[in-house]
Amino acid sequence: IGQEKFSKPIARWLASIGIKTDVIEEGTIGRLEELRDSDAIRKNYDVVWLASFSALWKLMDDDMAKGVAGAIRHGVGFIHTGGTGSFHGGNGYDALIDMRALADVLPVKMRNRNDVVYGWFADVKDIKLNVSRATGWTDEMKETGLPGFNEVELRPGGQEILSIAGYPLLVTGSY
């Protein structure tokens with residue numbers, strides 16, 4: 001689920017490694033209705049991946065968010081990637097998922113304001129690997145850094161794998 005410019009690269013990458021994908025984006029926005037049925041989500045999907053989607057709070061009502069949260073509660077994986085239209089968002093690209101039940105499934109707590117931090121405000125090369133036994137994870141992003149990040153706070157039970165400028169960057173958790 002995400003705006004095409006964010007969801008399509010993810011779907012192409014997943015397809016390139018043999019993973020079947022199904023994308024809901026601007027052109028198929030009516031399919032968000034399917035999210036009301038958590039049992040159908042569980043039957044049809046192993047993982048729901050939410051990419052950046054500006055104004056998502058206007059498109060996904062409470063019942064849709066509760067449907068996704070219910071599926072996650074019963075075993076469907078969930079990935080949420082950051083960006084200007086993610087988490088709360090900012091600069092006119094607000095997702096405002098903190099207004100929906102999806103906020104509860106995340107292993108991080110969101111700000112209720114603009115949470116986007118750009119490189120000119122923070123050291124976006126200050127990326128640290130925080131899990132010593134993490135297999136396959138590296139902190140090689142330090143070389144180039146990132147153009148920005150979403151300022152979030154680790155929730156109890158969340159495991160911070162990567163941090164940036166002292167904030168969680170990659171976190172896992174259970175719901």
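The structure presented is a predicted model; accordingly, all values stated were derived computationally and were not measured. Every heavy atom of this structure was used, including side-chain atoms; hydrogens, water molecules and symmetry mates were not.
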Given side chain to side chain contact (heavy atoms under 4.5 Å, CB included), test Leu32 with Ile24 step by step and report yes or no.
CA-CA 7 Å; Leu32 286 173; Ile24 299 176; 3.9 Å; yes
Go through the steps for Leu146 and Leu169 under the test side chain to side chain contact (heavy atoms under 4.5 Å, CB included), then give the verdict.
CA-CA 11 Å; Leu146 294 173; Leu169 179 63; 3.9 Å; yes
Under 3.5 Å, is there a donor-acceptor pair between the side chain of Ser86 and the main chain of Thr81?
yes
Pairwise distance CG(Leu154) to CD(Gln159) - rounded to 0.5 angstrom:
9.5 Å
Between Ile79 and Leu50, is there a side-chain heavy-atom distance shorter than 4.5 Å?
no
Between the CZ atom in Phe6 and the OG1 atom in Thr84, the distance rounded to the nearest 0.5 Å is 5.0 Å
Looking only at the side chains, is there a donor atom on one of Tyr45 and Asp22 sitting less than 3.5 Å from an acceptor on the other?
yes
Taking atom CZ of Arg31 and atom CE of Met64, what is their separation to the nearest 0.5 Å?
12.5 Å
Establish, yes or no, whether a centroid distance under 6.0 Å links the rings of Phe78 and Tyr175.
no
In the single-linkage hydrophobic clustering (I, L, V, M, F, W, Y; side-chain heavy atoms under 4.5 Å), do Val124 and Ile127 co-cluster?
yes
Tyr93 reachable from Phe149 in the ILVMFWY side-chain graph, under 4.5 Å edges:
no
Where is the tightest heavy-atom contact between Ser38 and Ala71, given as atom of each residue plus distance?
CB-N, 3.5 Å
Test of understanding: with side-chain hydrogen bond (donor to acceptor under 3.5 Å, both in side chains), list the residues that count as partners of Asn150, not counting sequence neighbours.
Asp115
Heavy atoms only: give me the nearest Gln3-Ser54 pair and the separation to one decimal.
OE1-N, 2.8 Å
Considering all heavy atoms, the nearest Gly2-Glu26 contact:
O-OE1, 4.4 Å
Where do Ala103 and Met110 come nearest, in terms of heavy atoms and distance?
CB-CE, 3.3 Å
Might you work through the side chain to side chain contact (heavy atoms under 4.5 Å, CB included) test for His80 and Phe87, ending with a clear yes or no?
CA-CA 8 Å; His80 181 45; Phe87 299 100; 3.4 Å; yes
When every non-hydrogen atom of Met99 is compared with those of Asp62, the smallest separation belongs to O-OD1, 3.9 Å
Is Asp61 salt-bridged to Arg36, cutoff N-O under 4.0 Å?
yes
Between the side chain of Arg111 and the main-chain N/O of His88, is any donor-acceptor distance below 3.5 Å?
no
Could Lys5 and Glu25 be called an ion pair, given the rule that one side-chain N must be under 4.0 Å from one carboxylate O?
no
What I'd like to find out is whether the side chain of Leu56 reaches to under 4.5 Å of the side chain of Ile97, using heavy atoms alone.
yes
Does Val171 share a hydrophobic cluster with Val48, counting links as ILVMFWY side-chain heavy atoms below 4.5 Å and allowing steps through other members?
yes
Passes side chain to side chain contact (heavy atoms under 4.5 Å, CB included), Leu59 versus Ile29? Steps please.
CA-CA 8 Å; Leu59 306 170; Ile29 205 74; 3.6 Å; yes
Just jot down the side-chain hydrogen bond (donor to acceptor under 3.5 Å, both in side chains) partners of Ser163, sequence neighbours excluded, or say none.
Asn130
Find out whether Phe53 and Ile1 are in side-chain contact, i.e. whether some heavy atom of one side chain is under 4.5 Å from a heavy atom of the other.
yes
Flag side-chain contact, heavy atom, 4.5 Å: Leu129 against Leu162
yes
Tightest non-hydrogen contact, residues Val116 and Tyr118, listed as CG1-CZ, 3.3 Å
Examine Ile41 and Leu102 and state if one hydrophobic cluster contains both, with Ile, Leu, Val, Met, Phe, Trp and Tyr joined whenever side-chain heavy atoms are less than 4.5 Å apart.
yes
Got Trp49 and Leu14 here, is their nearest side-chain heavy-atom distance under 4.5 Å?
yes
In this structure, CG of Asn44 is separated from CD of Glu34 (nearest 0.5 Å) by 8.5 Å
Okay, side chain of Arg155, backbone of Leu106: is any donor-acceptor separation there less than 3.5 Å?
yes
